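Following: one structure in structure tokens, then a few remarks.
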Amino acid sequence: MGTGTPLGRVRGLGSAKEGTHHWWRQRVTAGSNLFLMLWLVVSILSRGSFDYASMRLWMQSAWVAVPMALLVISVFTHFRLGLQVVIEDYQHNETRVVFLILLNFFTVGLGATALFAIAKIAFGAK
Amino acid sequence: MASRSTRPISPHLQVYKWGPHMLVSVLHRITGSGMATVGSVLLVWWLAALAGGAESYATFRDVFTYANGRLNIIGYVIGIGLTLALFQHMASGVRHLFLDTGAGYELKRNKMGAMASLIISVVATAAFWLILGIK
Ligand code: HEM
Ligand code: HEM
């Protein structure tokens with residue numbers, strides 16, 4: 001254990017040797033979620049129509065595709081960390097491990113699908 | 001696992017007097033978990049349907065809207081549910097960030113913060129749907 005700053009002294013501690021890493025990433029993504037979700041709310045409110053053609057046109061813009069991809073990464077990282085805590089609170093022993101692995105599959109599988117869909121629209125494949 | 005041991009356990013939840021801070025705490029977990037499951041699946045379904053072409057997008061829209069484009073009952077329940085969950089989680093999430101600095105634990109201020117997050121989420125949800133409805 002170091003004798004440096006308070007942060008330096010807790011880094012890498014805890015049973016998982018993670019220190020405050022999980023907690024801190026949950027806070028950082030809370031901050032980025034705040035901006036990105038407000039962006040999404042304002043964007044929805046400023047759309048005139050939600051039909052196919054106008055939605056495609058909208059998401060083809062880099063000014064939409066990039067924030068949307070960032071939103072997926074930020075929100076998915078955030079809820080991956082958040083649901084881990086919820087699972088650890090209610091599940092124990094083997095079922096906890098099973099749930100945590102399912103959580104990883106769920107987050108990565110769904111996140112990859114979302115990013116692929118955004119890229120496909122942005123790069124204009126029909 | 002220590003759950004079957006004879007160690008003393010904490011009193012059951014029902015002996016505590018309910019206050020807004022308890023409600024907000026449990027709502028933070030419920031709204032976060034709800035958005036992470038139902039919300040994320042719907043978001044990805046929407047993105048994938050849009051990427052898939054006009055037909056798959058129409059299938060998606062038909063679940064939540066009438067033929068004239070207005071929301072049906074499923075659309076309203078999901079739509080209002082998700083926006084209310086988002087604004088509640090957002091407000092209590094920001095409250096969390098202030099509490100993390102060690103501020104706002106005095107009984108009165110803590111209760112006020114909790115009440116404020118509940119009021120903000122209802123007002124923001126109402127405003128969202130009003131603005132969307134007017135357009
Ligand atoms: C909009 C901005 C958001 C902010 C400011 C925010 C803030 C936070 C904070 C500070 C925590 C930690 C609470 C704690 O340590 O007890 C948290 C937990 C969580 N968040 Fe968010 N969040 C936001 C958006 C989202 C979204 C969009 C989702 C899901 C799609 C989400 C899902 C979760 C989950 C599942 C947890 C864990 C809940 C628990 O442990 O009880 N959050 N959020
Ligand atoms: C009906 C009453 C209660 C409900 C519904 C409730 C619900 C919750 C929920 C959902 C969480 C996780 C979310 C979060 O971390 O913010 C939590 C955490 C916690 N609660 Fe409660 N709670 C209640 C009463 C109490 C009481 C009376 C105590 C103490 C005597 C208590 C002590 C704690 C502690 C120590 C944590 C962990 C905080 C952390 O992980 O940082 N709770 N509670």
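The model shown is predicted, which means the values in this text are computed figures rather than measured ones. What you see below is based on every heavy atom in this structure, not just the backbone, and it leaves out hydrogens, waters and symmetry mates.
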Interatomic distance, OG1@T37(B) vs CZ@F79(A), rounded to 0.5 Å, equals 8.5 Å
Taken to the nearest 0.5 Å, the spacing of H78(A) NE2 from H89(B) NE2 works out to 4.0 Å
Looking only at heavy atoms, the pair that brings I44(A) and L132(B) closest together is O-CD1, 4.1 Å
| task | Decide yes or no for D89(A) and R29(B): does some side-chain heavy atom of the first lie under 4.5 Å from some side-chain heavy atom of the second? | result | yes
Minimal heavy-atom distance between M55(A) and L50(B), with the atoms involved, is CB-CD1, 3.7 Å
Open item on the list: Could you check whether any side-chain heavy atom of D100(B) comes within less than 4.5 Å of a side-chain heavy atom of W23(A), counting everything from C-beta outward?
Closed with: yes
Query raised in the report: Going only through I, L, V, M, F, W and Y residues with side-chain contacts under 4.5 Å, is there a path from V63(B) to L42(B)?
Result: yes
Fit a plane to each ring of Y52(A) and Y57(B), take the angle between them on a 0 to 90° scale, and name the class: parallel (under 30°), tilted (30 to 60°) or perpendicular (over 60°).
tilted
| said: More than 12 heavy atoms of other residues, nucleotides or ligands under 6.0 Å from CD of E94(A): yes or no? | reply: no
* Cluster question for you: counting only ILVMFWY and a side-chain heavy-atom cut-off of under 4.5 Å, with indirect links fine, are V38(B) and V44(B) together? -> yes
Turns out that what part of N33(A) lies under 4.5 Å from chain B's heavy atoms comes down to neither
- Task: Report yes or no: do L45(A) and L82(B) belong to one cluster of Ile/Leu/Val/Met/Phe/Trp/Tyr joined by side chain heavy-atom distances under 4.5 Å?
- Result: yes
Legend entry - Path from V94(B) to L84(B) over hydrophobic side-chain contacts below 4.5 Å: no
If one checks every heavy atom of W46(B) against chain A at 4.5 Å, the contacting part turns out to be side chain
Do V75(A) and V66(A) belong to the same hydrophobic cluster, where Ile, Leu, Val, Met, Phe, Trp and Tyr are linked whenever their side-chain heavy atoms lie under 4.5 Å apart, directly or via other members? yes
Rounded to the nearest 0.5 Å, the CG atom of L97(B) sits from the CG atom of L34(A) at a distance of 8.0 Å
Between V41(B) and F106(A), is any pair of side-chain heavy atoms under 4.5 Å apart?
yes
**OP:** Decide if atom OH of Y105(B) counts as having more than 12 heavy atoms of other residues, nucleotides or ligands within a radius under 6.0 Å.
**Re:** yes
Practice task
Report yes if the side chains of R61(B) and F50(A) come closer than 4.5 Å at any heavy-atom pair, otherwise no.
Solution key: yes
Determine whether L86(B) and V41(A) make a side-chain contact, defined as any pair of heavy atoms from C-beta on separated by less than 4.5 Å. yes
When every non-hydrogen atom of A117(A) is compared with those of A51(B), the smallest separation belongs to O-CB, 3.6 Å
Most contact-rich option vs chain B, by heavy-atom pairs under 4.5 angstrom, among L83(A), I118(A), T113(A), V86(A), is V86(A)
Quick check on M115(B): does its CE atom have over 12 non-hydrogen neighbours (other residues, nucleotides or ligands) under 6.0 Å away?
no
